[in-house]
Amino acid sequence: MAAPKKAAVGPLVGAVVQGTNSTRFLVFKAKTAELLSHHQVELTQEFPKEGWVEQDPKEILQSVYECIERTCEKLDKENIDISNIKAIGVSNQRETTVVWDRLTGQPLYNAVAWLDLRTQSTVEVLSKKIPGNNNFVKSKTGLPLSTYFSAVKLRWLLDNERKVQKAVEEGRALFGTIDSWLIWSMTGGVNGGVHGTDVTNASRTMLFNIHSLEWDKELCDFFEIPMNILPNVWSCSEIYGPMQGGALKGVPISGCLGDQSAALVGQMCFQEGQAKNTYGTGCFLLCNTGHKCVFSGHGLLTTVAYKLGKDKPVYYALEGSVAIAGAVIRWLKDNLGIIKTSEEIEKLAKEVGTSYGCYFVPAFSGLYAPYWDPSARGIICGLTQFTNKCHIAFAALEAVCFQTREILDAMNRDCGIPLRHLQVDGNMTNNKILMQLQADILHIPVIRSSMPETTALGAAMAAGAAKGVGVWSLKQEDLSGITMEWIEPQSQAAESEIHYRTWKRAVMKTMGWVSTQSPENKELAIFSSLPLGFFIVSSMIILIGARYISGLP
């Protein structure tokens, strides 16, 4: 019996989405942006010490291969020929830092995740070296000196891990964010793998000059990072190299963007002033500022939005970064156990429809934009005997929306023209209560795409449109199959303003919570700050007590 004839579907493009909590591989029709198939693998995170967050680079790489193979099997079962897949795009969690051995292909340490806080003392030491009247780090990179970015994570590895130090000394070490690790491995690894990254990921390392679009020697000297371990920097849309194994061997990797830039492209925010917010582990609001760098006076980042081709112009964005969004739901599930699945939070919140005066500030990794306070820690306040898990669930959803409001306010002040609506994406946007709360708290419509996988879509668009591939049009009219749902504000603005002001009071209580001093130093500091009278009185008490015990008059 003859094998069934494969369905004619036209050119397809695959997209790797490597996130903090999971890896996905998705396949789209290039002509219509229709999602045909996908597979997802959950990932583990390691927390060796308080504030430390690590992942296994080999587990991440294996999850990518598994997702690709399983998706190809699903397509085959649907009678779709995988030879139609003409290109692969990569999007990734940004800032997460990997150092590996180019001779063995083995990681020299776990990936230090973007959320990791171990480098706070490193940041404090480095900040003292920056002249007060010339913050060349921010002027060159658009970024504040923070634990968030890759340079300080790499500096910590060089200072603390002998295996990394030795590999650098012997010329064996390669550094990269997750995209670099994946692309190098998938294009051959030790057998000629491409050591590259794109401008969006490079712009998050604090070693990259966002004006010249090159690694910056002054920055590398400041952080004492050897430039020979850095990857080559490419545009977001060009052929990096072919896959060297698996079901898609020979298919070019021709797109690469950090996940938030990929979502901006997937939302088709190609015009200056367009903005999107992605609700994932964290929350990231990006506004396209066109060909000019806009530096924030209100705690936002200036970053590279995209560069869709080697000879195409670069676009920049203002970005507001929130560390904890979807992660707060995972915390309620894994740490408190008040829900069994992430989807249950909507049901709990719906039962009460209010937080009943309970406010949750999930500053688990300090506060990012607009405060940039690594010493902040999370609080739940306004509790009464009436408060139950449903109110806490509602407060957690409100926290995501309040944090987004803070970012939007800062962006409106920096741009001068308030946003009239906000485009949204990410898995959390399936939560109807969250989306309505967001519209109410912002006082503007929220626009949800019918394609929630906009990060994957953006990576696929960049890959499919690359020179030498050319199967995807970036014209907005050619993607008219993607519809948008408008969610209008329903509550009274005055009422939501009261809640927002109370939230801001709660935020103030989280700040300056943690001291970077060691316990010994803190005890010494307390001891040395006591007045002389304390020691005189203490000495008299001790002397009298000793005489009493010994029976002396």
Side-chain angles (χ1 to χ4, degrees), residues 17-23 43-57 59-60 63 90-99 107 109-120 122-123 141-157 175-182 197-198 200-208 223 231 256-263 278-286 300-301 303-304 317 319-328 330-331 362-369 371-374 376 378 403 407 426 455:
V17 179
Q18 204 301 295
T20 312
N21 296 316
S22 69
T23 298
L43 295 171
T44 56
Q45 296 177 44
E46 299 176 27
F47 306 95
K49 295 182 182 180
E50 176 69 29
W52 292 30
V53 188
E54 298 180 0
Q55 292 181 287
D56 181 353
E59 181 193 2
I60 289 173
S63 71
V90 174
S91 77
N92 58 287
Q93 52 172 309
R94 304 170 301 170
E95 298 93 18
T96 297
T97 299
V98 188
V99 182
Y109 190 81
N110 272 346
V112 181
W114 59 277
L115 285 163
D116 190 282
L117 289 175
R118 76 186 68 185
T119 55
Q120 182 51 34
T122 307
V123 168
T141 67
L143 311 173
L145 195 56
S146 165
T147 59
Y148 184 15
F149 306 108
S150 308
V152 291
K153 302 178 194 299
L154 180 53
R155 182 67 258 155
W156 187 93
L157 289 170
F175 152 78
T177 41
I178 293 294
D179 58 302
S180 296
W181 163 244
L182 296 179
T197 188
D198 82 296
T200 67
N201 280 297
S203 76
R204 310 298 290 194
T205 61
M206 245 184 334
L207 301 170
F208 187 72
F223 289 103
C256 180
L257 304 100
D259 50 9
Q260 303 313 319
S261 289
T278 298
Y279 299 75
T281 300
C283 222
F284 302 90
L285 202 164
L286 270 69
L300 303 182
L301 310 177
T303 196
V304 175
E319 175 176 335
S321 310
V322 171
I324 303 295
V328 74
R330 185 166 180 168
W331 183 83
F364 302 153
S365 297
L367 291 169
Y368 283 14
Y371 303 101
W372 298 106
D373 181 3
Q403 290 179 105
I407 298 300
T455 301

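Only this structure's heavy atoms are used, side chains among them; waters, hydrogens and symmetry mates stay out.
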With a 4.5 Å cut-off on side-chain heavy atoms, are P374 and Y148 touching? no

T20 backbone acceptor or donor facing S22 side chain under 3.5 Å: no

Check for a donor-acceptor pair, side chain of S150 on one end and backbone N or O of E95 on the other, with a separation under 3.5 Å. yes

What distance separates L143 CG from T303 OG1, expressed to the nearest 0.5 Å? 6.5 Å

Closest approach of L300 to G320 (non-hydrogen atoms, all atoms of both residues): CD2-CA, 3.8 Å

E319 meets the salt bridge (Lys or Arg N to Asp or Glu O under 4.0 Å) criterion, sequence neighbours left out, with R94, R204

Determine whether the side chains of Q18 and D179 contain a donor N or O and an acceptor N or O closer than 3.5 Å. no

Contact between F223 and T205 at the side-chain level, heavy atoms closer than 4.5 Å - yes or no? no

Measure across I178 and A111 and return the closest heavy-atom pair with its distance rounded to 0.1 Å. CD1-CB, 4.4 Å

Checking side-chain contact (heavy atoms from CB on, under 4.5 Å) for the pair Q93/I60: CA distance, chi angles, key distance, verdict? CA-CA 11 Å; Q93 52 172 309; I60 289 173; 4.3 Å; yes

With rounding to the nearest 0.5 angstrom, report the CG to CD1 distance, L115 to I324. 5.0 Å

Distance-only donor-acceptor check, side chains T455 and D259, under 3.5 Å: no

With N92 as reference, evaluate T197, N201, D198, T200 under the side-chain hydrogen bond (donor to acceptor under 3.5 Å, both in side chains) test and give the passing residue. N201

V322: side chain to side chain contact (heavy atoms under 4.5 Å, CB included) partners, not counting sequence neighbours: C283, Q403, I407

Could you tell me how the ring of W114 sits relative to the ring of Y368: parallel (under 30°), tilted (30 to 60°) or perpendicular (over 60°)? perpendicular

Check salt bridge (Lys or Arg N to Asp or Glu O under 4.0 Å) between R118 and all other residues, then give those that pass, not counting sequence neighbours. E54, D116

Do you know which two heavy atoms are closest between R155 and T122, and how far apart they sit? CG-CG2, 4.0 Å

If you apply the rule side-chain contact (heavy atoms from CB on, under 4.5 Å), what do you find for T141 with F208, and how did you get there? CA-CA 6 Å; T141 67; F208 187 72; over 6 Å; no

Is the backbone of P57 close enough, under 3.5 Å, to the side chain of W181 for a donor and an acceptor to pair up by distance? yes

Rounded to the nearest 0.5 Å, what separation is found between the OG1 atom of T96 and the CG atom of N110? 11.5 Å

Indicate the ring-plane relationship of W52 and W156, choosing parallel, tilted or perpendicular according to the 30° and 60° boundaries. perpendicular

Spacing of CH2 belonging to W372 relative to OG belonging to S321, to within rounding of 0.5 Å: 4.5 Å

Rounded distance (nearest 0.5 Å) linking atom CG of L154 with atom OG1 of T97: 6.5 Å

Gap separating the CG atom of L145 from the CE atom of M206, nearest 0.5 angstrom: 5.0 Å

Examine distances only and state if a side-chain atom of Q120 and a backbone atom of T147 form a donor-acceptor pair shorter than 3.5 Å. no

